[in-house]
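Have a look at the structure below before the remarks.
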Amino acid sequence: MVNISTINWLFVCGLCFCLGGIGVLSFMPLSSDCICPLSNPLAKAGGGAVMEKVPTVEKQPHDHKDAAHKMALLIPFRDRFEELLQFVPHMTSFLRRQNVAHHIFVLNQVDRFRFNRASLINVGFHFASNVYDYIAMHDVDLLPLNDQLRYEYPSDLGPLHIAGPKLHPKYHYDNFVGGILLVRREHFQQMNGMSNQYWGWGLEDDEFFVRIRDAGLQVSRPQNIQTGTNDTFSHIHNRHHRKRDTQKCFNQKEMTRKRDHKTGLDNVKYKIMKVHELAIDGVDVTILNIMLDCDVNKTPWCDCSGTAAAASAVQT
């Protein structure tokens, strides 16, 4: 039978152990927002896979005070994080080899409507054009591989189409100006930017080509490129993982086949909800959380479910 003195001794030892543990924890330099990385127990034992460290791009100042021209790299974006992680370090290294003064702006659409690439570019232009004198309208899933593709300041003639139909891995028609298009600030303003009525995927670039032509401008493309449609770009979009929103509803098909003379840079409706400064592999990027507004009476196809139109009808 255990006597009372033994029980008391065990109680005192246990109490001392607990108090000692509390005392040690109180001196540990941990804060409430500390997130510690998980350790790999196999690595400690000398076996198993060890995570490879991704090399970072050397950070450089991006005020570009001494640059003759400054390019705002505009990326229309929604739910493409894996592609963004590839895009940022690749493009930064690519452009630094050309000494192109630039900064990356991720135009992140956060509203409930269908994706609107053209409106996002209009918003990005509004945000960046006071500092940057030309823009690159750039798909996040298209990575240039050939250093002969020069992201230079476009000529007086008009926009510079980097991803021309003889180089793009997928689109080869003559009027194609999508993928990667460089536009001078004054030219984008002259054309009143892009149409705001293209909700969902496709055709906004074709309408923009007509704007270029109507403004008396010409599209230039890289010449004497030694690569072709299979090896000029890496197209990293997975069409099985992320399907294009090609649905056509209401009178969308009819309306988006016409030149839009009513909407553009001067009347895009939006709110920038938040501006984030983020570093990806040592590269500073700016993320704009953009909430676009849709007039469902004019473009009801911004929401093919009809929910937005029904809500608008109730409010009116």
Side-chain angles (χ1 to χ4, degrees), residues 71-95 100 102-109 114-125 127-128 132 134-146 149-151 154 159-173 175-183 188 193-195 198-209 211-212 219 221-222 225 227-246 280 283 285-288 290 292:
M71 182 181 73
L73 189 57
L74 305 182
I75 309 173
F77 185 85
R78 177 184 266 175
D79 299 333
R80 307 286 285 275
F81 187 66
E82 300 91 340
E83 295 170 7
L84 184 66
L85 293 180
Q86 296 181 61
F87 180 92
V88 170
H90 178 92
M91 285 306 305
T92 301
S93 297
F94 186 89
L95 294 173
V100 175
H102 71 282
H103 187 66
I104 297 174
F105 296 88
V106 180
L107 313 175
N108 183 33
Q109 185 174 339
R114 300 170 73 194
F115 189 64
N116 192 322
R117 178 177 180 269
S119 288
L120 291 174
I121 291 172
N122 285 339
V123 175
F125 181 87
F127 187 86
Y132 296 85
Y134 72 115
I135 63 171
M137 301 154 47
H138 211 301
D139 289 350
V140 71
D141 59 6
L142 196 62
L143 307 180
L145 304 177
N146 189 334
L149 301 173
R150 310 297 295 180
Y151 281 61
L160 173 59
H161 188 211
I162 300 294
K166 295 182 179 180
L167 302 175
H168 194 280
K170 190 172 182 180
Y171 302 109
H172 309 132
Y173 57 95
N175 294 346
F176 174 66
V177 290
I180 309 168
L181 185 68
L182 277 53
V183 187
F188 197 77
M194 303 187 76
S195 169
Y198 288 85
W199 302 90
W201 183 83
L203 296 181
E204 77 283 343
D205 293 319
D206 294 344
E207 199 274 348
F208 192 63
F209 175 83
R211 292 187 179 220
I212 295 171
V219 176
R221 294 189 171 104
I225 303 300
T227 52
T229 57
N230 295 323
D231 52 358
T232 303
F233 299 97
S234 174
H235 193 212
I236 60 176
H237 177 77
N238 186 330
R239 63 186 180 89
H240 300 290
H241 180 54
R242 288 190 178 89
K243 295 184 178 181
R244 309 286 193 189
D245 177 13
T246 58
I280 298 177
V283 180
V285 301
T286 299
I287 299 179
L288 308 180
I290 300 169
L292 298 176

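We count residues from 1, following the sequence as given. Everything quoted here is computed from the prediction, not taken from an experiment.
In this structure, CG on Asp231 lies 11.0 Å from CD1 on Ile225, to the nearest 0.5 angstrom. Atoms CD1 and CG, on Ile162 and Leu181 in that order, are 8.5 Å from each other to the nearest 0.5 Å. Leu120 contributes atom CG, which lies 5.0 Å from atom CD of Gln109 (distance to the nearest 0.5 angstrom). For the atom pair Thr227 OG1 and Leu149 CG, the distance stands at 6.5 Å (nearest 0.5 Å). With rounding to the nearest 0.5 Å, the separation of OG1 in Thr92 from CD1 in Ile104 is 4.0 Å. Interatomic distance, CD1 of Ile290 versus CG of Asn108, reported as 7.5 Å (0.5 Å rounding).
Nearest approach of Phe125 to Leu74, heavy atoms of both residues: N-CD1, 3.9 Å. Shown here for Val140 and Ile236, the closest heavy-atom pair between the two residues is O-CD1, 4.0 Å.
Ring geometry, Phe208 versus Phe188: the interplanar angle falls from 30° to 60°, so the pair is classed tilted.
The aromatic ring centroids of Tyr151 and His102 lie 6.0 Å or more from each other. The distance between the ring centers of Tyr132 and Phe105 falls below 6.0 angstrom.
Exactly one residue among Leu95, Val285, Ile135 makes a side-chain contact (heavy atoms from CB on, under 4.5 Å) with Leu73. That residue is Leu95.
For the ring-ring contact (aromatic ring centres under 6.0 Å, His included) test, residues two or more places apart in sequence or in another chain that qualify with Phe176 are His161, His168, Tyr171, Tyr173. Contacts of Arg117 classified as salt bridge (charged side-chain N to carboxylate O under 4.0 Å, His left out), with partners at least two apart in sequence or in another chain: Asp139, Glu204, Asp205.
Looking only at distances, a side-chain donor or acceptor of Asn122 sits under 3.5 Å from a matching main-chain atom of Met194.
Side-chain contact check for Pro76 versus Ile121: some heavy-atom pair is nearer than 4.5 Å. You'll find the side chain of Leu292 reaches within 4.5 Å of the side chain of Trp199, heavy atoms only. Considering only heavy atoms from C-beta on, Arg221 comes within 4.5 Å of Val177 through its side chain. The shortest distance between side-chain heavy atoms of Ile180 and His138 falls below 4.5 Å.
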